[in-house]
Amino acid sequence: MFVSTIKNSGEALLAIINDVLDYSKIEADKLVLHPDVFDLERCIHEVLTLLQPTAREKGIALIVDYDLFMPTMFIGDVGRMRQVLTNLVGNAVKFTEEGHVLVRVVGRSVEETGACDLHVTVEDTGIGIAPDKTQHIFGEFNQVEDERNRAFEGTGLGLAITRQLIGLMNGDIWVDSAPGEGASFGFRVCLDVDEDMSLAPPCLPDSVQHVLIVDDHAVNRALLQKQMEQMGARVTLCMSAHEALGTLQGVDLVLCDHHLAAPDGGTFEQQARAAGHAVPVVKLSSVQAGRGAEDAQQVVRKPISRRDLFHKIAEAVNREGQAGPRQLRVLAAEDNKTNQLILSKMLKTADLELRFASNGHEAVQAFEVFRPDLVLMDISMPHMDGKEATAVIRGLPGGAEVPIIALTAHAVGGDRENILAAGLDDYLSKPLRKAGLVDVLKLYLPDGVRSPFAEN
Ligand code: ADP
């Protein structure tokens, strides 16, 4: 009991010391940014994951609306970006008793430089701030000194540091608020993009034209509706599983909150199946860990990264929507045009879809869009080699399981161990032989996919 009090006080003191140190560093012009490539969407999700337990305890929904068509990889100081977001989202959670906190990210690419002008807003439904205090709170040690406010702990340094950090990033920060009406803190920064802008935006499987969204939370419903409509789907909204069960006719996909008031998402799916509906269902949950192994696999945790959402949709559609086994998808990462030609020729009569990537970067991008069943990976490629690309793919949704077969000219002696140690499953040595290629494609054929070779 005392130990936890001491620990909590210690942590609170440490947070204050860190704030004071940061502030004095900024004041002394000693704080420098360390820009590097980072994933902004992931950074936001990491911040929210840390704040999720507090939010859940208070019954506040944490929601992310990250523009579907925006890049996520930028050059910036991820640590300082995390600090800014932690301050703003932390405050939003602190000063909100019910409702939600919404982080919205939109951006505009700057024609001349290719950089991105980013707007991030953190909106809450909390106590709000009087107009005459909205400048004051950005000053050091400044807080709103009324009774409602001082029910909350704090030093009054967070926003002062946040404003300074945004200044170091050459950005602006502002707030819109009225007492009792929540607050919306926004900041703008211009960051260089580190992503191939031609990268295909997320897309829905062709079979999905009509989406049913079942969620009792209005802001969640509106967000999913916007995203699905942007993807060209028609949307029907329901607030309960009961209502949804009567609305399933002609629906190609259901996005369903897992924690609806009874019947919940899982029961809804069972009832839909019992009534003969084979429609793919993706269940979304704001609870951290699933309640069982089945849950962990099939329930997507909210807030959902765009990549996870579209990956789960594709998975659900593949699971439910396919009548017979489908065609094999093969991605070949190979920079040499002659070798590409040889591969195409060898597989010309095979019943499969073959796509090429010319280097590791392209392979990673193609993996996300094309979702191949098997990857043929040249090892020595420019920009990003086959081993590096494999490491990146292994970290992507679905990337841990996909068979990756090295194509290598150096498969002698220790090279084989080397390749397998780099996370590839197998290898074919060059010059390629058709028989070896056929064997590998047969060996790694996944369930639910038809053999590319006519059996005789
Ligand atoms: P702290 O939160 O440690 O007091 P900050 O500098 O982060 O310090 O915030 C300063 C003050 O601004 C807070 O004490 C509070 O009065 C006000 N404030 C900040 N964020 C919000 C918010 N989202 N809603 C209402 N008031 C806020």
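Throughout, numbering of the chain's residues begins at 1 and tracks the sequence. Atoms within a ligand are numbered from 1 in the order they appear, just like the ligands themselves.
Heavy atoms of F185 approach ligand 1 to within less than 4.0 angstrom. For the pair L157 and ligand 1, a heavy-atom separation below 4.0 Å is found. For K94, the closest heavy-atom approach to ligand 1 falls below 4.0 Å. Not a single heavy atom of G126 sits less than 4.0 Å from an atom of ligand 1.
E229 pairs by the side chain to side chain contact (heavy atoms under 4.5 Å, CB included) definition with Q225, V235, not counting sequence neighbours. Shown here are the side chain to side chain donor-acceptor pair (under 3.5 Å) partners of Y444, two or more places apart in sequence or in another chain: D426.
Of the N or O atoms in G158, one or more lie within a sub-3.5 Å distance of an N or O in ligand 1.
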*Would R80 and Q83 count as a side chain to side chain donor-acceptor pair (under 3.5 Å) if you check the C-alpha gap in whole Å, the side-chain angles of each, and the deciding distance to 0.1 Å?*
CA-CA 5 Å; R80 296 301 172 184; Q83 193 175 2; 2.5 Å; yes
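The 12-atom threshold is not exceeded at CG of D206, counting heavy atoms of other residues, nucleotides or ligands nearer than 6.0 Å.
In this structure a side-chain-to-backbone donor-acceptor pair under 3.5 Å is missing from D385 to S380.
Going from atom CE of M70 over to atom SG of C116 covers 4.5 Å, rounded to the nearest 0.5 Å.
Within ligand 1, the atoms closer than 4.0 Å to a non-hydrogen atom of G128 are 25 (C), numbered from 1 in the order shown.
With a heavy-atom cut-off of 4.0 Å, L159 touches ligand 1 through backbone and side chain alike.
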